[in-house]
Structure formats: C-alpha cells, structure tokens
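First comes the structure, then the notes that go with it.
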Amino acid sequence: MVASGDGGRRADRGRRAALEPAAAAGGVALVVLLLALSVVLGLAIERLGTVATVLVATTGLAQRSLDDHVAAVARPLAAGDMAAARAAVAMIVGRDTATLDDAGVATAAIESLAESFCDGVVAPAIALLLFGLPGLFAVKAINTADSMVGHRTPGLRAFGWASARADDAVNFVPARLAGALVAIAGRGGWRTMWRDAAGHASPNGGWPEAAMAGALGRRLGGPVTYDGDVAARAVLGDGPPPGARDLFAALRVYRTACLLLWLLIGGIAWAR
C-alpha cells in the first residue's frame, strides 16, 4: 500500500510533467506575439516619417545608458566607497553583490559592459540597419523576454526556453562582431577570445567578455553567487583580477568599439 505522502508527490510530479509541454507552448506563443507586435509598431512609427523614426531608433540603442551605468560603478569604486559601488553594480547584474570586494565589483561591471555591448548596442544596430524599426524592436523585445523569463530555474525552464533560444539566435552574429570590435578597440584580445569564448555558459556572451579580458590583460569569469547559491563559471583571460583602474580602461575600450561600430554601420548604409 502506498503512503498518502508518496502518492501526493507522485501526483505532483505527474502534473509538472503534464505542464511542461503547455509551458513550452506558452513560451513559443509569447515570442511570436512579441515579434508580431514589434513589426506592427515599428512599421506604424516608420510611417510617421524620418524624424520620428530617427528619434525612436536612438532611444532603442543603449550605448549612452550603458556607459552611464558602468561609470556610476567606476567612480565610487575608485574612491573606495564600496557601499555605493556595490549598490551601483547591483543595478546592472543579477548576481549577489552585498559581499563583493573591489575585484568582484570590477569584474561584474566589466562583464556586464562587454556582454551588454552586444545585446544593447551591436545587435539592435545591426537589426536597425537590416530591417528598420521592426527589426530593432524585435531584438529589444526578445532580449527583454530572455532577461525576464529565459532562466534555467525549474519554474521557468520550459516557459522561457523559446525566449532564451530566440535570444541566442539573434545575438549569434552580433556577439562575434562585438568581440572583434572590442579586440580591435583594445588593441588585443584575439587569442583570448578564440581560446576562452566557448567556455562561457552562453553561446554568445563569451565572445565580447573574453575579448575584453584579453584586451585588458585581466581575468574575468570565475564562481559567483545567485540568491546564495554558488554558480561555477569558466575563467576568461589571464593575469590578475581587475580593479577600478581597469574598469575605466574597459570604458575607454567600449567607447572606441562603439565608434568603430558606427563607422562600420555608416559605411554600409552609405554603400547601400
């Protein structure tokens, strides 16, 4: 005879198994809906004219916002104000920040800067060039959906699968371009990028992060904690962990990489 407790657990497992396909289908429907809304909204705004299109397009690119958020970490970190530095870096990363030391704060900020260069600048810029506002909105919508539900936690693994895979797809080429631009801007990092990018948990995030690690000559990656649980991560690059000075150097590399991106995008647009 089966104890009632065991029977309840079996029933729960059965319900969870039954919900997996439904949750995955809901996640696919979410991505399709977001893409449809992006296309409709983008086309509607483009019909308002060039001025409206340009104004909206510039707000969809996170270049200045990303610079401001990372600079807000660098300044207090350089001044030794760890409380303010941790509070600032908590605004741009999902890991636990309350106990991070100088190197931990700098590492988190540099990794976010490098990865967000791809997600928030390069990918939207390429989408805008190729597909106009509908493409820009689609990339931003998928990136946001991945940030919100594309997690490997038991509750979101099935529902967020479509968002995570869509994000991987739209960032595949931009991530590699972002890594190349970082390596060019930083005058180094190619060897580290080719060697270490594949070790990253994300199929895309490792390219700009490894390139930045190589350009700075510093070590990124390594274990971090999320909600108290330690997550093992691959190490990217060689040398010591970064500090406040390296964070300012990373910002200089980022700004140069942005300039190179816009020269490339402008050149392609002019040629077309």
Side-chain angles (χ1 to χ4, degrees), residues 62-121 143-144 146-148 150-153 178-179 182 185-189 192-193 196-197 199-202 204-258:
Q63 178 176 323
R64 178 60 184 272
S65 175
L66 178 58
D67 192 295
D68 290 343
H69 277 86
V70 175
V73 180
R75 289 190 293 268
L77 186 63
D81 188 349
M82 288 304 300
R86 290 179 184 129
V89 81
M91 301 293 292
I92 58 174
V93 299
R95 70 195 67 178
D96 299 338
T97 60
T99 60
L100 291 180
D101 58 9
D102 295 46
V105 170
T107 297
I110 292 172
E111 289 175 356
S112 180
L113 178 68
E115 186 172 11
S116 297
F117 174 53
C118 169
D119 297 346
V121 183
N143 181 251
T144 302
D146 178 56
S147 299
M148 297 296 291
H151 306 299
R152 296 180 180 178
T153 56
V182 167
R187 300 179 182 179
T192 302
M193 180 175 68
D196 295 344
H200 197 282
S202 163
N204 298 321
W207 291 86
E209 288 186 31
M212 185 67 82
L216 298 175
R218 293 294 183 266
R219 184 175 72 248
L220 301 177
V224 295
T225 60
Y226 295 93
D227 298 324
D229 296 324
V230 178
R233 302 186 311 157
V235 172
L236 307 176
D238 305 298
R245 184 173 298 179
D246 302 302
L247 188 47
F248 285 111
L251 279 168
R252 289 193 292 271
V253 172
Y254 164 73
R255 291 163 186 163
T256 304
C258 286

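Keep in mind that what you see is a predicted model, and the values were worked out from it rather than measured.
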Just by modelled atom types, is the Gly243 backbone N or O under 3.5 Å from a matching donor or acceptor in the Asp102 side chain? no
Would you call Val105 and Thr97 a side-chain contact if the rule is heavy atoms closer than 4.5 Å? no
d(Met212 CE, Ile110 CD1) to nearest 0.5 Å is 7.5 Å
NE2 of His69 to CG of Leu113: how many Å apart, nearest 0.5 Å? 12.5 Å
Would you call Arg233 and Glu209 a salt bridge, taking side-chain N to carboxylate O under 4.0 Å as the test? no
Output every pair passing ring-ring contact (aromatic ring centres under 6.0 Å, His included) with a member in residues 210-244, not counting sequence neighbours, ordered by first then second residue. none
I'd like to check Val121 versus Tyr254 (side-chain heavy atoms, cut-off strictly below 4.5 Å). Are they in contact? yes
When rounded to the nearest 0.5 angstrom, what distance separates OG in Ser116 from CD in Gln63? 13.0 Å
Got a second to check how far Arg95's CZ is from Ser112's OG, nearest 0.5 Å? 8.0 Å
Pairs touching residues 240-253 that satisfy side-chain hydrogen bond (donor to acceptor under 3.5 Å, both in side chains), sequence neighbours left out: Arg218-Asp246
If every non-hydrogen atom of Pro208 is compared with every non-hydrogen atom of Ala114, which pair is closest and at what distance? CB-O, 3.3 Å
Output for pair (Asn143 CG, Met148 CE), nearest 0.5 Å, gives 12.0 Å
Considering all heavy atoms, the nearest Ala213-Gly237 contact: CB-CA, 4.1 Å
Non-hydrogen side-chain atoms of Pro242 and Leu220 separated by less than 4.5 Å: yes
Heavy-atom neighbours of Met82 CE exceed 12 at 6.0 Å: yes
Heavy-atom pair with the smallest gap, counting every atom of Val89 and Ala108: CG2-CB, 3.8 Å
If a pair satisfies salt bridge (charged side-chain N to carboxylate O under 4.0 Å, His left out) and one of its residues is in residues 63-74, list it, with sequence neighbours excluded. Arg64-Asp68, Asp67-Arg255
Arg219 side chain to Val235 main-chain N or O, any donor-acceptor pair under 3.5 Å? no
